[in-house]
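Working notes for the structure below.
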Amino acid sequence: MATLVFLEHHGNELSKASLGVLSKAASLGDEDVAGIIAGSDVRTLADEAGKFGAAKVYAADDSQLQAPLPQPRVDVIARLVRDQGFDTVLFANSVLAADIAAGLAARLDAGLNWDLTDIVNEDGRLIGKRPALQDSVYVDVGWTSEPRLALFRSGSFDPNATGGSAEIEDLQVELEDFSTAARMIDQAHEESEGPSIEDAQIIVAGGRGLGGPENFTLVEELAKALGGAVGATRAVVDAGWYPYSTQVGQTGKTVSPKLYIACGISGAIQHKVGMQSSGVIVAINKDANAPIFEFSDLGVVGDVHEVVPKLTELVRQRKGS
Ligand SMILES: Cc1cc2nc3c(=O)[nH]c(=O)nc-3n(C[C@H](O)[C@H](O)[C@H](O)COP(=O)(O)OP(=O)(O)OC[C@H]3O[C@@H](n4cnc5c(N)ncnc54)[C@H](O)[C@@H]3O)c2cc1C
C-alpha cells in the first residue's frame, strides 16, 4: 500500500481535519504514509506533518499555488501519484479538497468514494464506511481499481501526535495551461471570536428550544466562559438565527470535541451524526423524552433560560477561584 494524504493548510497551520486523516492513514498498516502540501511559503509546515504520522512530506512550495484554487493542485498531485505510484489518495472534506479530489478522479480515471466517515484495512483490502439513508446505516464501499481516492467528512478522525519526523522532498511545480485559467479575485473571511467549531475542544450548541435568535447570547456566554465555540442545529440556521458556518450535523459539520453541550436541541438523527463522537455529551432540554437524552452522558431536564445562565455563572465562579 502506498498512501498519500492531501494536507490542507489555512494560513500557517495544517487543518486539523487533514491531520486526522493522516493519523488514520498511518494506522492502516502502511508504514510509509506520505503527505502533500501545496501552496506558497508552506515548506515549514512539512515538519508538523511528521509529528502526525507522515514518513515523507512532498512540499510543492510555489507562488503559483498561492491562491487556494483546485486545478493547479490537481496538476501537482496527479504528477506525484503517477511518478511515485501511489495507490491510495485520501482527503479531508472541504470546498477545496472536494474540488481537487473530483478533478484528480477525472484526471487519473480513478474511483472516488466521498462522504466517508471511516476506513478499515481488512486483510490488505481497504473498505470505506459511508453513512446512507439519512445517516441511519453505514454502507461498506470499495474500489475496483487503483489509485483509490477517498474524501472523508471533516472531523471524522482526531489527529494523533506520535512525535515522529518526516523526510521532506521539494517538488517542481509545472502547471498545465488550462489549470491557470482561473484567478482568485477576492477571499472573504468571516470574523469570529474564539476557536472554530472544527477545532474547538468544547462546543456549546443551541437549538430551537432557545426560542429566538436573541437568546443565542445564553449559549455564547456559556461558550465564552468555557473557552469553547458555538454550534447550532439546522433548524435554527435555516430560520436565520445563527450563521450556517456553525451548523452541526449531516448537512453541516462533523465535530468531535471533548465536551458538547446541547441546549434546547431535540437530538434528531441528522444532528446526532455530526456530534455523536464527542467525548462527553451534556443535554439541557425541558422534555424528559427528547431523543437527545438517549445518547447523552449527562442530562438536565429543565428550561434553558434558567439552567444555562446558572451554569455560566458557576463556570465563571470556578474559573475565577
Ligand atoms: C436531509 C436532512 C438533513 C438535515 N441535516 C441536519 C443537520 O445537518 N443538522 C441538524 O441539526 N439538523 C439537520 N436536519 C434537521 C433535523 O431533522 C431536525 O429538524 C433539527 O436538527 C431540529 O433542530 P432542533 O433540535 O433545534 O429543533 P427541534 O427539533 O424543534 O427541537 C427543539 C427542542 O428544544 C426543546 N425545548 C423547547 N423549549 C425549551 C426550553 N425552554 N428549554 C429547554 N428545551 C426546550 C424541545 O423539547 C425540543 O426537544 C436535517 C434534516 C434533513 C431532512
Side-chain angles (χ1 to χ4, degrees), residues 17 92-95 98 114-118 129-139 151-156 190 196-198 200 202-223 228-257 259-278 281-315:
N93 190 31
S94 71
V95 173
W114 76 101
D115 200 29
L116 302 187
T117 54
D118 201 2
K129 304 284 175 184
R130 181 166 176 223
L133 298 176
Q134 300 196 356
D135 288 359
S136 56
V137 294
Y138 287 93
V139 179
L151 188 66
F152 294 92
R153 280 191 191 177
S154 180
S156 292
E190 193 173 76
S196 68
I197 60 168
E198 290 99 328
I202 298 175
I203 293 177
V204 184
R208 202 147 43 185
L210 286 171
E214 65 285 359
N215 295 329
F216 254 88
T217 49
L218 296 176
V219 168
E220 287 169 345
E221 290 293 309
L222 180 54
V230 175
T233 64
R234 175 158 161 185
V236 304
V237 302
D238 277 352
W241 293 6
Y242 224 63
Y244 271 104
S245 57
T246 61
Q247 184 188 323
V248 173
Q250 181 189 334
T251 41
K253 288 174 179 152
T254 303
V255 296
S256 51
L259 173 64
Y260 190 92
I261 305 181
C263 308
I265 292 176
S266 60
I269 178 75
Q270 297 88 357
H271 187 78
K272 181 184 173 191
V273 295
M275 44 66 82
Q276 61 192 349
S277 56
S278 305
I281 298 173
V282 178
I284 304 164
N285 195 305
K286 69 176 185 185
D287 176 6
N289 295 314
I292 190 119
F293 289 128
E294 290 165 20
F295 54 93
S296 299
D297 300 287
L298 289 168
V300 182
V301 180
D303 191 321
V304 284
H305 303 97
E306 290 169 19
V307 179
V308 178
K310 282 186 190 154
L311 191 53
T312 306
E313 197 43 46
L314 206 63
V315 172

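All ligand and atom numbering here is 1-based and tracks the order in the structure. Every value quoted in this text rests on a predicted model; they were computed, and no experiment measured them. All values below were derived from every heavy atom in this structure, side-chain atoms included, with hydrogens, water molecules and symmetry-related copies excluded.
Counting only heavy atoms from C-beta outward, the side chains of Phe152 and Arg130 never approach each other to under 4.5 Å. Considering only heavy atoms from C-beta on, His305 comes within 4.5 Å of Asn215 through its side chain. Under the 4.5 Å side-chain criterion, counting only non-hydrogen atoms from C-beta, Thr117 is in contact with Tyr138.
The shortest N/O to N/O separation between Ala232 and ligand 1 does not fall below 3.5 Å.
Comparing Ala290, Gly264, Ala283, Gly267 by heavy-atom distance to atom 33 (C) of ligand 1, the nearest is Gly264. Compare Gln270, Lys253, His271 by their heavy atoms: the one nearest to atom 51 (C) of ligand 1 is in Gln270.
Listed by first then second residue, pairs satisfying salt bridge (Lys or Arg N to Asp or Glu O under 4.0 Å) with a partner in residues 235-250 read Arg234-Asp238, not counting sequence neighbours.
Between the side chain of Lys253 and the backbone N or O of Ser245 there is at least one donor-acceptor pair closer than 3.5 Å.
Taken to the nearest 0.5 Å, the CG atom of Asn285 stands 5.0 Å off from the CZ atom of Phe293.
Each of the following atoms of ligand 1 lies closer than 4.0 Å to a heavy atom of Gly207: 26 (O). Atoms of ligand 1 lying under 4.0 Å from at least one heavy atom of Gln250, given by number and element, are 3 (C), 7 (C), 8 (O). Remark: ligand 1 atoms within the under-4.0 Å shell around heavy atoms of Asp303 are 40 (C), 41 (N), 42 (N). Below 4.0 Å from some heavy atom of Asn285 lie the following atoms of ligand 1, by number and element: 33 (C), 34 (O), 35 (C), 43 (C), 44 (N), 46 (C), 47 (O), 48 (C), 49 (O). Atoms of ligand 1 lying under 4.0 Å from at least one heavy atom of Gly249, given by number and element, are 7 (C), 8 (O), 9 (N). In summary, the atoms of ligand 1 found under 4.0 Å from a heavy atom of Asp287, numbered by their order in the structure, are 47 (O). Atoms of ligand 1 found under 4.0 Å from any heavy atom of Val248, numbered from 1 in the order shown, are 7 (C), 8 (O), 9 (N), 10 (C), 11 (O). Applying the 4.0 Å criterion to heavy atoms of Gln247 picks out, from ligand 1, the atoms 6 (C), 7 (C), 8 (O), 9 (N).
With Trp114 as the aromatic partner, Arg153 does not meet the cation-pi criteria of under 6.0 angstrom to the ring centre and within 45 degrees of the ring axis.
Ring geometry, Phe216 versus Tyr242: the interplanar angle falls under 30°, so the pair is classed parallel (tilted spans 30 to 60°).
If you look at Ala268 next to ligand 1, the close heavy atoms, those under 4.0 Å, all belong to the side chain.
Residue contact check for ligand 1: Pro291 places no non-hydrogen atom closer than 4.0 Å to it.
Minimum interatomic distance between Pro257 and Ile202 (heavy atoms only, all atoms of both residues): CB-N, 4.0 Å.
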